[in-house]
Asks: 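The structure follows.
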Amino acid sequence: MSLVMGTTRSDELMTRAHRLFPGGVNSPVRAFGAVGGTPRVIDRAAGARLWDVDGNELLDYVGSWGPMVLGHAHPAVVAAITEAAGRGTSYGAPNPHEVELGELVVEAMPAIERLRFVSSGTEAAMSAIRLARAATGRDAIIKMAGGYHGHADALLVEPGSGAIGMPASAGVTAGAARDTMVAPFNDLDAVERLLGSKPAAAVIVEPVAANVGVVRPAAGYLEGLRALATDHGALLIFDEVITGFRVARGGAQERYGVTPDLTVLGKIIGGGLPVGAYGGRAGFMAQVAPDGPMYQAGTLSGNPLAMAAGAATLRQLTPATYARLEQSGAALESGLAEAAHAIGVDVRISRVGSLLTIFMEAGRYPSFFHAMLDAGIMLPPSQHEAWFISTAHTSDDLALTVRAARTAFTESPAPAEDR
Ligand code: HOZ
C-alpha cells in the first residue's frame, strides 16, 4: 500500500488549485502548512481507505476530520443519500428526514429537548452563543485557550486547529474580542476568576479538547464548569461537534455524565454531508425565531440529503459500535506506545475512545507524518489535530499502522536543535 504510483496528478492539480484558492485549499489545515510538502488530491474513498488521483491507496486516519465514524461510502449511508437525491436536493421547506434525524438526536442526548439544524459546526456554535446572549441579556463569554468552535468572530480568540497560536484572527474587531474571555483548559480557578470579573452569558468548551491534539478533561473539570456556570447564571455550552456520537452515542455529556445547557453538534450527525445543530432545554430554544426574538435562518438548513445521511449513520451506531471503537483505539494506542518504546522515542499518547493524538518532541511530527504517508498511511497533517478511527479500521489495519509507525520513528529523527 506504499507509494507506488507517484504524485504527478496530485501535484498538477495542486498547482492549478494554488491559482484559485488561498493556499490551494478550501480549509487551511489541508494545505500541509504544518508538515510541508504537497497535499494528495483525493479521487475516491471506501471503508478506511482513500485513493488519490494518481491511484495511491492510503489508510485514512483523518476521516474527513470526524464525520466518517463508519468509514467512507458506508452502503447504508450511500443508499440513503441516493434515495434522497432522487427526490430533489433541497426544498427550502420542511422534510421528513429532518424530523427523523431530530428525533434520533434528542433520543441520544437528553439535554437536548429541542434543536435547530444548520449547515456547519461554525454556524451552530455562533448561533448557540447568540442564544446564550439572548437568554441571559449578557454579552461576555468564556472560552478555553486552544478551544476551537469554528470561525465566528467571537470564537476566534486564542483558537485551536489551523489557527493555533494566533491571539485572534485578523479581521476580528476589538469589540468582538473584548467580549470573549479566555481561560486555560482544565483550569477551574481561572474560569471562576473570569466569571467573578464580569457577568458572562456562557462558558463554551469542547468537553474533550480535540483541536490542540486530544486533551482529556481532568477529573472533576466538567463537573466544576457545570457548577460554576450555574452559580454565576451563565449557560454551559458543550461543543460536541467532534465528540458527539463519537466518544459515546450521547457524546461526552454521556461519557462523563455532565449535562450542559446547550449542545453544539456537527460532523457525524451529517454522515459526511455539511451539517451543524444546536439545541438544549425547551425554555432556551423558545428564544429562537420564529418562536422567539433570536433570529437565525439558513437556505440549506435541514437539507434532505444531509439529514438522510445523518439519520442513516446514527441508525448504525449501536453499543457494539462504541465497544469496537474503544477496542480499536486501545489497540492502536498500546501498539504505538510499544513501537515508540522499542525504538526509544519519547512520545505521549492521549486518547479518548476513537480519538487519539501522539504527541512527540517539537519538530519531529512533520518527518513522522511524511514517513507514514510514504508508507500509505494518511495521518492528520498537523500535530494539533486528532486521529479519527472508524468502524471500518480492521485489526490488520491497526497492526499495519503500528508496523509503519515503528519504521517511521526510526526514519524521523528529532531536529538537531531538539536532540
Ligand atoms: N477544522 C478542521 C480541523 N480541526 C479542518 C477541516 C478541514 O480542513 O476539512
Side-chain angles (χ1 to χ4, degrees), residues 10 13-14 17-18 20-43 45 50 52 58 60-69 72 118-126 143-153 155-166 169 185 204-215 238-247 252 264-276 306 309 350 352 354-359 365 369 373 378-390:
S10 270
L13 280 162
M14 286 310 299
H18 272 283
L20 298 167
F21 313 125
V25 291
N26 286 299
S27 190
V29 186
R30 300 176 197 178
F32 276 25
V35 291
T38 303
R40 300 294 180 81
V41 177
I42 302 305
D43 178 47
L50 306 167
D52 69 20
L58 300 166
D60 181 28
Y61 286 100
V62 177
S64 187
W65 307 94
M68 313 320 301
V69 68
H72 297 279
V118 293
S119 295
S120 70
T122 289
E123 219 186 316
M126 176 186 78
K143 74 178 282 291
M144 309 311 153
Y148 184 72
H149 310 286
H151 60 86
D153 282 0
L155 294 165
L156 267 186
V157 181
E158 294 193 42
S161 190
I164 202 161
M166 288 184 176
S169 163
F185 188 71
I204 183 166
V205 66
E206 293 174 83
V208 175
N211 282 281
V212 281
V214 175
V215 183
F238 276 3
D239 181 337
E240 297 233 40
V241 167
I242 287 180
T243 51
F245 294 91
R246 164 67 65 179
V247 299
V264 176
L265 295 169
K267 299 199 191 269
I268 289 176
I269 63 160
L273 273 72
V275 86
S350 177
V352 177
S354 56
L355 294 172
L356 174 149
T357 298
I358 176 160
F359 291 103
Y365 190 75
F369 168 86
L373 184 58
M378 184 70 203
L379 302 181
S382 164
Q383 168 78 100
H384 301 295
E385 302 285 354
W387 301 24
F388 293 93
I389 304 164
S390 74

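Both ligands and their constituent atoms are indexed starting at 1 by order of listing.
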Asks: Is the shortest N/O to N/O distance between Trp65 and ligand 1 below 3.5 Å?
Replies: yes
Asks: Are any non-hydrogen side-chain atoms of Pro381 and Val29 less than 4.5 angstrom apart?
Replies: yes
Asks: If the cut-off is 4.0 Å to any non-hydrogen atom of Ser161, which atoms of ligand 1 fall inside it?
Replies: 1 (N), 2 (C), 3 (C), 4 (N)
Asks: Going by the atom numbers of ligand 1, which of them fall below 4.0 Å from some non-hydrogen atom of Glu385?
Replies: 3 (C), 4 (N)
Asks: Side chains of Val241 and Leu265, heavy atoms from C-beta outward: is any pair under 4.5 Å?
Replies: no
Asks: Using 30° and 60° as the class boundaries, would you call the ring planes of Trp387 and Tyr61 parallel, tilted or perpendicular?
Replies: tilted
Asks: Go through ligand 1 atom by atom and flag the ones less than 4.0 Å from a non-hydrogen atom of Ser27.
Replies: 6 (C), 7 (C), 8 (O)
Asks: Can you name the atoms of ligand 1, numbered from 1 with element, that are less than 4.0 Å from a heavy atom of Arg30?
Replies: 7 (C), 8 (O), 9 (O)
Asks: Can you find a pair of side-chain heavy atoms, one from Tyr365 and one from Phe359, that are under 4.5 Å apart?
Replies: no
Asks: Any side-chain heavy atom of Gln383 sitting closer than 4.5 Å to one from Phe369?
Replies: no
